Amino acid sequence: MVSLRALLVNAIVGLVILFLANVVGLGVQISIVTLLLCAILGVPGAILVILLAVFDIAFVAALVPALLG
């Protein structure tokens, strides 16, 4: 059985990865859906959201700041 502490740490790390991906400029849209996905699934959820955004399938930000400058 997985402990509650391990699930909490996984969720926090997943959210941090999502925010770092946005800071780096991968253009991941941060919304309620992406936050819930990363909070529930943790690191695998963050990786899934990032991959879907990079391949322009889903969760793509409308405007990517890295491409403007």
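All figures in this text were calculated on a predicted structure; none of them were measured in a lab.
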Working to the nearest 0.5 angstrom, can you tell me the gap between [X] [atom1] and [Y] [atom2]?
X	Y	atom1	atom2	result
Ile57	Leu51	CD1	CG	8.5 Å
Ile30	Leu18	CD1	CG	5.0 Å
Cys38	Ile50	SG	CD1	7.0 Å

Would a hydrophobic clustering, with Ile, Leu, Val, Met, Phe, Trp and Tyr connected at side-chain separations under 4.5 Å, put Leu35 with Val33?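 Hydrophobic grouping puts Leu35 with Val33.
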Same cluster or not: are Phe19 and Val54 linked, directly or through other Ile, Leu, Val, Met, Phe, Trp or Tyr residues, by side-chain heavy atoms under 4.5 angstrom apart?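 Yes: a chain of side-chain contacts under 4.5 Å links Phe19 to Val54.
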Between side-chain atoms of residues 9-16 and protein atoms elsewhere (two or more places apart, or another chain), which donor-acceptor pairs fall under 3.5 Å?
{"residue": "Asn10", "atom": "OD1", "partner": "Val43", "partner atom": "N", "Å": "3.1"}

Taking side chain to side chain contact (heavy atoms under 4.5 Å, CB included) as the test, write out the residues that go with Leu37, two or more places apart.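 Side chain to side chain contact (heavy atoms under 4.5 Å, CB included) list for Leu37, sorted by chain: Leu41, Leu48, Val49, Phe59.
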Results of side chain to side chain contact (heavy atoms under 4.5 Å, CB included) for Leu4 - residues two or more places apart only: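 Result, side chain to side chain contact (heavy atoms under 4.5 Å, CB included) vs Leu4: none returned.
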What heavy-atom pair brings Ala53 and Val28 nearest, and what distance separates the two atoms?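 Of all heavy-atom pairs spanning Ala53 and Val28, the closest is CB-CG2, 3.9 Å.
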